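Right, one structure below, let's go through it.
Remember, predicted model here, so these are calculated numbers, not experimental data.
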Amino acid sequence: MISLRRPPEWWHRADVTVRDLPMGLLCLAGSFLPGFYGTQIGNLPHRPFDALAFVAIALECFPLAVRRRWPVVCLALVSVGFAIDQIRGYHSFAGTALPIALLSAGAHLERHRRAAAIAFSLAYVPLAVTLLLLDSGEPPSGFVTFYLAMVLAWGFGAWLRSTRVADAERRSRIAEDTRTAERTRIASELHDVVTHHVTAMVVQAEAARYLTASPDRLDQTLTAVSDTGRRAITDLRHLLDLLNPDHGTEARTPSVGRLLTLVEQTRRAGQPVEFTEEGTPAESTGSADLVAYRVVQEALTNALKYAHGSRTSVQVRHAEREITVEVSTDGSGSGAGSPGGSGRGLAGLRERVDVLGGDFSAGRQKAGGFVVRARIPAGSPS
């Protein structure tokens, strides 16, 4: 089996003029091969090549090297060469350069496109009149047909250009949507990390003010504040590492296995938490374990804020294809926690769970308190 080798890397890095030159050289070589003839308008007798023929062929072939860099220059020079070729009756293979130049102008000309099209159309009129005066034998309908064929070449190039522009706009929109989604994800991660740890530190610091008469308990509370601060710094460092292009692919995000540490931290902040975990985590959960961790983290943060001291229950159930999380408070606490937030945390959690195809709900219970429930399908990579 014959395999087509890809062009070498240096060829892709070469200037566009260098990459377009072979097409002109191909037309040039074909012009000197016996039996190769190009476009012919009318029936003027073939004339043997002379010095002017070489000028015409050069004008038609070599400008193809700049057909993408300077499409108007290419089209103008090729048109002059083509006119000489037809009027003198050389009818060389180089005449095929005209539709190539028209296609390239339609595809790569950025400005003054309408003016260039009108100028080419007007320039065609003297050529047609000259050939008629030379008694070329071409009826007027033939000149119109040839003109329409050249318009078709230009139109095909214009279609290629519009397709390329539309594709570039689509890629730009995708890139912008990706950047927006990534900024949203990072903002959500920062919200989860900062809000939880800072809320715990604020609650612990407020409690420390009332423990001045009990040095042992004060020391334990201040130690808990320090530990929480260090964990916040560690989580932020891991999150910021994800923005580093040289950052490895190793897992840096929290998982369900760290829920017990999260619960212990909340307990040290003065929140009575009952933690229950059922089932065995699946070997491959994709992003489900991280989302489950964030659901518990945000729910415990809200419990510290709005139901400080209330009995709180955290239930996590692992199934083969999903993780179920339920965090509830009974509303028996003082409610004198940290100041309220914007509600962005729960909205962000709902979006994360929805992306994975799960269910999320959060609201007050009839008997008092608040409950957060989430069903998170496992195995989705994002």
Exercise. Taking atom types as modelled, is there a side-chain donor on S104 or R67 under 3.5 Å from an acceptor on the other?
Worked result: yes
Exercise. Can you list the steps and then say if W159 with W154 is a side chain to side chain contact (heavy atoms under 4.5 Å, CB included)?
Worked result: CA-CA 9 Å; W159 175 79; W154 175 285; over 6 Å; no
For this session: Return yes if some donor-acceptor pair links the side-chain N/O of D354 with the main-chain N/O of D359 below 3.5 Å, else return no.
Result: no
Exercise. Got T276 and E278 here, is their nearest side-chain heavy-atom distance under 4.5 Å?
Worked result: yes
Exercise. Do F120 and S79 come close enough that some side-chain heavy atom pair is under 4.5 Å?
Worked result: yes
Problem set entry | CG on L26 to OG1 on T96, rounded to 0.5 Å | 8.0 Å
Problem set entry | Which atom of H91 lies closest to which atom of L44, heavy atoms considered | CE1-O, 3.2 Å
Problem set entry | Separation of L77 CG from F62 CZ (nearest 0.5 Å) | 12.5 Å
Problem set entry | E274 and V314, any side-chain heavy atoms less than 4.5 Å apart | no
Exercise. Between L134 and I84, is there a shared hydrophobic cluster once you connect ILVMFWY residues whose side-chain heavy atoms come closer than 4.5 Å?
Worked result: no
Problem set entry | Distance, nearest 0.5 Å, that separates CZ of R114 from CG of L109 | 13.0 Å
For this session: Could you tell me the separation between the CG atom of L102 and the CG atom of L98, rounded to the nearest 0.5 Å?
Result: 4.5 Å
Exercise. Taking the six-membered ring where the residue is Trp, are the ring centres of F82 and Y124 under 6.0 Å apart?
Worked result: no
Exercise. Do you reckon L33 sits in the same ILVMFWY cluster as L25, going by side-chain contacts under 4.5 Å, direct or chained?
Worked result: no
Exercise. Under the side-chain hydrogen bond (donor to acceptor under 3.5 Å, both in side chains) rule, what pairs show up with a residue in residues 49-61, not counting sequence neighbours?
Worked result: D50-R88, D50-Y90
For this session: Quick one: list whatever passes side chain to side chain donor-acceptor pair (under 3.5 Å) with R111, sequence neighbours left out.
Result: none
Exercise. When you check the gap from the basic side-chain N to the acidic O, do E322 and R317 get nearer than 4.0 Å?
Worked result: no
Exercise. Can you name the closest pair of heavy atoms from T329 and Q365 and give their distance?
Worked result: O-NE2, 3.0 Å
For this session: List the atom of A94, the atom of C61, and the distance in Å for their closest heavy-atom pair.
Result: CB-SG, 3.6 Å
For this session: Answer yes or no: is there a side-chain heavy-atom contact under 4.5 Å between H318 and V316?
Result: yes
Exercise. Can you tell me if CD on E320 sees more than 12 non-hydrogen neighbours from other groups inside 6.0 Å?
Worked result: no
Exercise. Only one of T266, L262, V263, T312 clears side chain to side chain contact (heavy atoms under 4.5 Å, CB included) with F275; which?
Worked result: V263
Seminar exercise, completed: What one should report as the nearest heavy-atom pair of A288 and A378 is CB-CA, 3.8 Å
Exercise. Can you name the closest pair of heavy atoms from A158 and R113 and give their distance?
Worked result: CB-NH2, 3.5 Å
For this session: Grab the two heavy atoms, one from G137 and one from N43, that are nearest each other, plus how far apart they are.
Result: O-ND2, 4.1 Å
For this session: To the nearest 0.5 Å, tell me how far S328 OG sits from F370 CZ.
Result: 11.0 Å
Exercise. Does a side-chain N-to-carboxylate-O contact under 4.0 Å join E264 and R267?
Worked result: yes
Exercise. Counting heavy atoms not belonging to R164, are there more than 12 under 6.0 Å from its CZ?
Worked result: yes
Exercise. How long is the span from the CZ atom in F49 to the OG atom in S92, to the nearest 0.5 Å?
Worked result: 5.0 Å
